Trainee: 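Handing you this structure, nothing more for now.
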Amino acid sequence: PSLPAPDVAAVAAVHRTALSQGAPGALTRIDEGPRSYHVATGEADTAAHTPMDTGRRFRVGSVSKTFTTVVLLQLVAEGKVDLDAPANRYLPEPLPDERITVRHLLSHRSGLYDYTNDMFYNTVPGFEAVRNKVFSYQELIDLSTAKPLNNAPGAAYSYSNTNFVALGAIIEHVTGTPVATHYQRRIFAPLRLKNTSYVHPRTTISGTYARGYLRQDDTTLPLVDSTEQTVSWAQSAGAVISDAKDLNRFFSALLSGKLLPEEQLREMTTTVPVTADGKQSYGLGLRGRTLSCGTTVYGHTGTVQGYYTYAFTTSDGRRSMTSLANTSNNGTVNTTLGATLEASFCGTDPA
Ligand SMILES: CC1(C)S[C@@H]2[C@H](NC(=O)CCCC[C@H](NC(=O)C[NH3+])C(=O)[O-])C(=O)N2[C@H]1C(=O)[O-]
């Protein structure tokens with residue numbers, strides 16, 4: 001069944017609302033076959049007053065988790081990793097509970113505590129303390145395992161960056177190759193994602209990009225330019241840089257079966273509800289969202305200092321949308337930006 005045409009006017013209205021709530025700028029790009037729709041609002045750089053445009057790169061935050069999942073599931077398809085084996089079989093140092101499996105990590109059911117809860121409790125001081133730091137995977141895992149598990153392995157969904165740091169460690173330990181190389185060889189190059197990179201621990205973004213602006217906890221204070229950072233606190237859980245065209249191409253290729261064999265794609269898209277209304281779900285490194293028009297889209301969201309991202313596609317990969325607002329620590333903006341999904345896939349004014 002064909003989808004209603006995207007409501008570009010409604011996307012622009014969502015952007016205007018996000019700006020009224022504190023975002024310096026926003027962009028949305030929708031791709032469907034040869035057609036693409038572009039909406040850019042506000043500024044990419046508030047000092048230079050550079051207008052936002054949809055071709056700018058940005059930090060994608062936890063959308064990186066889907067890239068990490070693709071690499072891991074390709075290793076599963078190659079017989080190098082067993083989804084239901086203990087994660088400790090593939091790690092250089094053991095997690096505290098042998099019952100944690102690779103699948104638990106991919107589906108946020110391990111119970112591993114999320115160290116960013118403490119790291120960023122005070123938003124700007126926490127960010128400033130780590131923005132130029134370089135962590136090893138083990139240092140981040142140790143921060144997590146200093147705290148008890150949130151739940152027994154497999155007993156509940158509890159989102160944790162630690163899971164995807166551990167998955168990065170597994171990829172590197174099993175293959176002896178850095179995740180950056182896997183991303184490049186397995187995803188970026190084959191899909192010709194020319195504006196997508198993993199440059200950890202370099203702090204700068206090359207090419208043309210949107211600057212990111214972090215709101216302070218005291219919201220009466222000015223935004224903090226958070227563009228340059230190592231993102232070493234996240235790495236395989238959040239350090240990819242991309243743009244809207246590449247993310248649309250990535251999610252479209254993924255859901256249309258170009259990156260994973262059928263069996264692994266089915267594992268990835270087998271989702272479990274994570275909200276009471278059942279409209280939001282999580283599979284393996286992949287979010288599902290069922291929209292008001294009944295369409296379910298698959299992708300991921302991202303929150304990294306200065307950048308909110310939504311990147312989703314239809315179950316057949318035919319229509320993809322990426323939206324960015326270049327601010328963060330502003331939940332109102334994040335929720336507002338999510339309304340581009342309704343406008344892009346249901347073609348209606350968001351309620
Ligand atoms: C589950 C999420 C929302 S959080 C997770 C990951 N991002 C982070 O863990 C960063 C958390 C601190 C970000 C910071 N906030 C504070 O410091 C608050 N004190 C800000 O807003 O820039 C990501 O990305 N994921 C999002 C996701 O998957 O959508």
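In listed order, ligands and their atoms are each counted from 1. It should be emphasised that the depicted structure is a prediction, and the values quoted were computed from it without experimental measurement. The first residue in the sequence is number 1, and the count goes up from there.
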Trainee: Side-chain contact test, heavy atoms from C-beta onward, threshold under 4.5 Å: evaluate it for Arg289 versus Ser281 and give yes or no.
Mentor: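 The answer is no, as the side chains (C-beta and beyond) never meet within the 4.5 Å cut-off.
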
Trainee: Listed by chain and number, what are the side-chain contact (heavy atoms from CB on, under 4.5 Å) partners of Ala180, not counting sequence neighbours?
Mentor: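 If we apply the side-chain contact (heavy atoms from CB on, under 4.5 Å) test to Ala180, skipping adjacent residues, the hits are Tyr198.
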
Trainee: Any ring pair (Phe, Tyr, Trp, His ring centres under 6.0 Å) pairs touching residues 277-312, not counting sequence neighbours?
Mentor: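 Passing the test, one end in residues 277-312: His108-Tyr282, Tyr157-Tyr282, Tyr282-His300.
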
Trainee: Give me the pairs of N or O atoms, one from ligand 1 and one from the protein, that sit under 3.5 Å apart.
Mentor:
unit_1   : atom_1 : unit_2 : atom_2 : d
ligand 1 : 7 (N)  : Thr303 : O      : 2.8
ligand 1 : 9 (O)  : Asn161 : ND2    : 2.8
ligand 1 : 17 (O) : Phe120 : O      : 3.4
ligand 1 : 17 (O) : Thr123 : OG1    : 3.4
ligand 1 : 19 (N) : Phe120 : O      : 2.7
ligand 1 : 19 (N) : Thr123 : OG1    : 2.8
ligand 1 : 21 (O) : Asn329 : N      : 2.7
ligand 1 : 22 (O) : Ser328 : OG     : 2.6
ligand 1 : 24 (O) : Ser62  : N      : 2.9
ligand 1 : 24 (O) : Ser62  : OG     : 2.5
ligand 1 : 24 (O) : Thr303 : N      : 2.7
ligand 1 : 24 (O) : Thr303 : O      : 3.1
ligand 1 : 25 (N) : Ser62  : OG     : 2.7
ligand 1 : 25 (N) : Tyr159 : OH     : 3.2
ligand 1 : 28 (O) : Tyr159 : OH     : 2.8
ligand 1 : 28 (O) : Arg287 : NH2    : 3.1
ligand 1 : 29 (O) : Thr301 : OG1    : 2.5

Trainee: Compute the centroid of each ring, for Tyr115 and then for Trp233, and state whether the two points are separated by less than 6.0 Å.
Mentor: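 Ring centres of Trp233 and Tyr115 not closer than 6.0 Å.
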
Trainee: Knowing that exactly one of Leu19, Thr28, Thr336 qualifies, which makes a side-chain contact (heavy atoms from CB on, under 4.5 Å) with Val14?
Mentor: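 In the set Leu19, Thr28, Thr336, the residue that makes a side-chain contact (heavy atoms from CB on, under 4.5 Å) with Val14 is Thr336.
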
Trainee: Can you list everything that forms a salt bridge (charged side-chain N to carboxylate O under 4.0 Å, His left out) with Lys80? Sequence neighbours excluded, please.
Mentor: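 Expected list: Glu78.
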
